[in-house]
There are 2 protein chains.
Amino acid sequence: MTDTGDDHGPTFERTPELAVDPPAETARERIAGAVDRGDMVTVFGRCRVEYDGRAKSTLGPGDRLLVLKPDGTALVHTDEGHQPVNWQPPGSTHEVGLDDAQLHIESRRTGPEEYLEVTFESIEYVTTVDVTDPEDLSLSGTEEDLRERVLESPGLIEPDFEPLATERSTPAGAIDIYGEDSENRAVVVELKRRRVGPDAVGQLDRYVDALARDLHADREIRGILVAPSATDRAQELLAEKNLEFVALEPMPGEE
Amino acid sequence: MTDTGDDHGPTFERTPELAVDPPAETARERIAGAVDRGDMVTVFGRCRVEYDGRAKSTLGPGDRLLVLKPDGTALVHTDEGHQPVNWQPPGSTHEVGLDDAQLHIESRRTGPEEYLEVTFESIEYVTTVDVTDPEDLSLSGTEEDLRERVLESPGLIEPDFEPLATERSTPAGAIDIYGEDSENRAVVVELKRRRVGPDAVGQLDRYVDALARDLHADREIRGILVAPSATDRAQELLAEKNLEFVALEPMPGEE
DNA sequence: AAATTAATGTCGCAC
DNA sequence: GTGCGACGTTAATTT
């Protein structure tokens with residue numbers, strides 16, 4: 001099992017293990033070993049899936065791809081969709097066994113207690129491989145980018161807008177940008193990276209309310225929603241609640 | 001290439017194709033063919049990933065699993081996490097090619113225009129397989145279950161609560177359950193399958209407001225949030241806005 | 001661990 | 001297609 005390095009191939013390369021149409025027992029061995037080593041595993045075959053935890057689900061027989069990650073994540077993917085049809089979050093522990101001669105994988109976690117069970121009637125393939133990924137994703141166009149854009153050019157909100165704090169906490173949560181306008185009125189700015197609906201207006205309204213109580217002053221407080229655009233309903237709600245809107249993209253030049 | 005059925009194996013079984021450490025050109029052929037056939041593809045290897053669309057991202061070299069689904073979904077999974085580090089939604093079209101002798105997979109979609117590019121420096125394995133999954137997931141413990149529970153036993157809300165409509169539309173959206181109490185006051189019920197925070201209170205409040213305008217009557221309107229539990233802040237907001245709370249689990253017997 | 005919010009959220013449904 | 005809300009949302013951050 002353990003390679004002592006006396007073979008011909010380059011021992012530096014990780015050699016993935018692949019098995020086509022393996023018997024259940026062979027699959028069990030491979031997967032159990034890989035899970036112990038912390039390898040990533042994929043299993044493709046006809047399976048049933050049971051889940052019980054925050055909700056409860058059953059999935060009858062069909063062809064799916066099961067992915068087991070070294071961090072304890074389990075994913076069951078069908079032929080369709082971005083989302084796995086069933087899954088288990090990182091930190092779960094997987095048990096691999098045979099149940100009535102069928103490959104059976106159980107995954108558990110606590111807090112909340114959740115349980116996932118995948119039983120394979122047939123196995124088309126199993127792969128296992130060691131994984132290392134040192135890189136972090138570099139992402140732009142987020143709400144954070146929009147915040148930086150406003151802080152660098154407060155005039156994008158309106159002339160003489162002066163940011164005073166980010167993440168200013170109120171009893172209702174943190175205000176994205178807190179500042180003052182040219183008349184020294186308090187301004188609550190809520191940022192959204194994309195077109196907003198009624199929920200964003202409600203959020204801004206909560207912050208303005210909370211700040212009013214927090215300052216317990218008669219000072220007028222303005223609320224400004226900053227986003228690329230707003231739906232009709234969002235605009236009506238803004239008007240009803242005397243809140244304002246400023247159209248702004250997270251990235252400059254995105255029109 | 002096309003099997004005319006004169007071989008020895010059972011031609012009824014789909015035979016997945018697996019390749020270990022394939023040259024880029026072999027991988028390109030296999031993947032291109034599989035994408036054309038509508039097979040599911042997995043590629044594992046060291047790759048870089050670029051994305052541009054609603055946002056923009058770059059990911060330097062590392063070992064990842066790429067999954068291409070017959071519906072046009074693309075997923076790039078690292079060794080960690082439930083979420084793919086990069087992806088492309090269903091309906092995207094994939095192009096497979098060689099770029100400077102490296103396997104290069106481009107995926108595009110429109111509406112919004114988005115672009116994903118995965119370039120493999122090395123390939124540990126490629127798998128392709130035909131997929132069929134006739135089954136639908138059967139899920140319980142959802143908000144829908146909670147609604148049914150309330151409609152079957154309206155007394156769980158309060159004695160003599162009478163549901164009159166579900167999904168009753170208002171200018172602000174649909175009310176989960178609209179009904180009347182023992183005093184013929186209008187009641188807006190908002191259901192949540194799990195513990196609620198401030199956002200749920202805001203939602204209920206919007207519906208109550210909208211209904212008040214819609215009925216344009218002086219009739220008092222009650223708003224009741226029904227969920228397993230509520231956070232402190234949510235409870236304070238409920239009190240401020242004169243809304244009510246009823247503790248209820250989506251599934252009976254879940255405490 | 002609980003609370004709150006962002007997300008390339010995705011997904012489904014109604015219009 | 002847009003709008004709106006649910007989701008076993010997940011993930012990150014802070015308390």
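In the text below, chain A, chain B and the rest are named by the order of the sequence lines, each starting its count at 1.
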Say you draw a straight line from CE of A:M251 to CZ of A:R193; how long is it, rounded to the nearest 0.5 Å? 10.0 Å
Measure the spacing between CG of A:N242 and CD1 of A:I221 and express it to the nearest 0.5 Å. 13.0 Å
Got a sec, which residues hit side chain to side chain contact (heavy atoms under 4.5 Å, CB included) with B:A230, two or more places apart in sequence or on another chain? B:V196, B:A234, B:Q235, B:F245
Across all chains, not counting sequence neighbours, the side chain to side chain contact (heavy atoms under 4.5 Å, CB included) partners of A:D205 are A:D209, A:K241, A:L243
Closest heavy-atom pair, B:D176 versus B:L191, reported as atoms and distance to 0.1 Å, is OD2-N, 2.9 Å
Scan for salt bridge (charged side-chain N to carboxylate O under 4.0 Å, His left out) pairs involving residues 69-90 of chain A, sequence neighbours excluded, and state none if there are none. none
For a quick check of understanding: with a heavy-atom distance under 4.0 Å over all strands, which category does A:P112 fall into, base, sugar-phosphate or nothing? nothing
What are the atom names and distances for every N/O pair under 3.5 Å that joins the protein to nucleotides 13-15 of chain C?
none

For [X], check side-chain hydrogen bond (donor to acceptor under 3.5 Å, both in side chains) against everything at least two apart and list the hits.
X: A:E95; result: none
X: A:T142; result: A:D145
X: B:D133; result: A:R64
X: A:Q83; result: none

Could you give the [atom1]-to-[atom2] distance, from [X] to [N], as a whole number of Å?
X: B:D199; N: C:dT4; atom1: CG; atom2: C1'; answer: 9 Å
X: B:D71; N: C:dC11; atom1: CG; atom2: C1'; answer: 13 Å
X: A:R147; N: C:dA6; atom1: CZ; atom2: C1'; answer: 10 Å
X: A:Q203; N: C:dT5; atom1: CD; atom2: C1'; answer: 7 Å
X: A:E144; N: C:dA7; atom1: CD; atom2: P; answer: 9 Å
X: B:E236; N: C:dA3; atom1: CD; atom2: P; answer: 12 Å
X: A:E148; N: C:dA6; atom1: CD; atom2: C1'; answer: 15 Å
X: B:L237; N: C:dA3; atom1: CG; atom2: P; answer: 14 Å

For B:R233 and B:P90, take the nucleotide of DNA chain C holding the closest heavy atom to each; which residue's nucleotide lies nearer the 5' end? B:R233
Where each residue is assigned the nucleotide of DNA chain C containing its nearest heavy atom, which of A:D176 and B:D232 is assigned the position nearer the 5′ end? B:D232
Check step by step if side chain to side chain donor-acceptor pair (under 3.5 Å) holds for B:N86 and B:S57. CA-CA 8 Å; B:N86 280 113; B:S57 78; 3.0 Å; yes
Is the distance from OP1 or OP2 of C:dG9 to the nearest side-chain N or O of A:R193 less than 4.0 Å? yes
On the nucleotide C:dT4, are OP1 or OP2 found under 4.0 Å from the side-chain N or O atoms that A:Y207 carries? no
For DNA chain D, what residues of residues 47-57 of chain A have any heavy atom nearer than 4.0 Å? A:Y51, A:R54, A:A55
Near DNA chain D, which residues from residues 74-89 of chain A have a heavy atom under 4.0 Å away? A:N86, A:W87, A:Q88, A:P89
Which whole number of Å gives the distance between the C1' atom of C:dT10 and that of C:dA6? 14 Å
Leading and trailing nucleotides of DNA chain D with any atom under 4.0 Å from heavy atoms of chain B: D:dG5 to D:dA11
Which donor-acceptor pairs under 3.5 Å do the side chains of residues 163-171 of chain B make with protein atoms, sequence neighbours left out?
| from | atom 1 | to | atom 2 | distance (Å) |
| --- | --- | --- | --- | --- |
| B:T170 | OG1 | B:A172 | N | 3.0 |
| B:T170 | OG1 | B:G173 | N | 3.3 |
| B:T170 | OG1 | B:G173 | O | 2.7 |

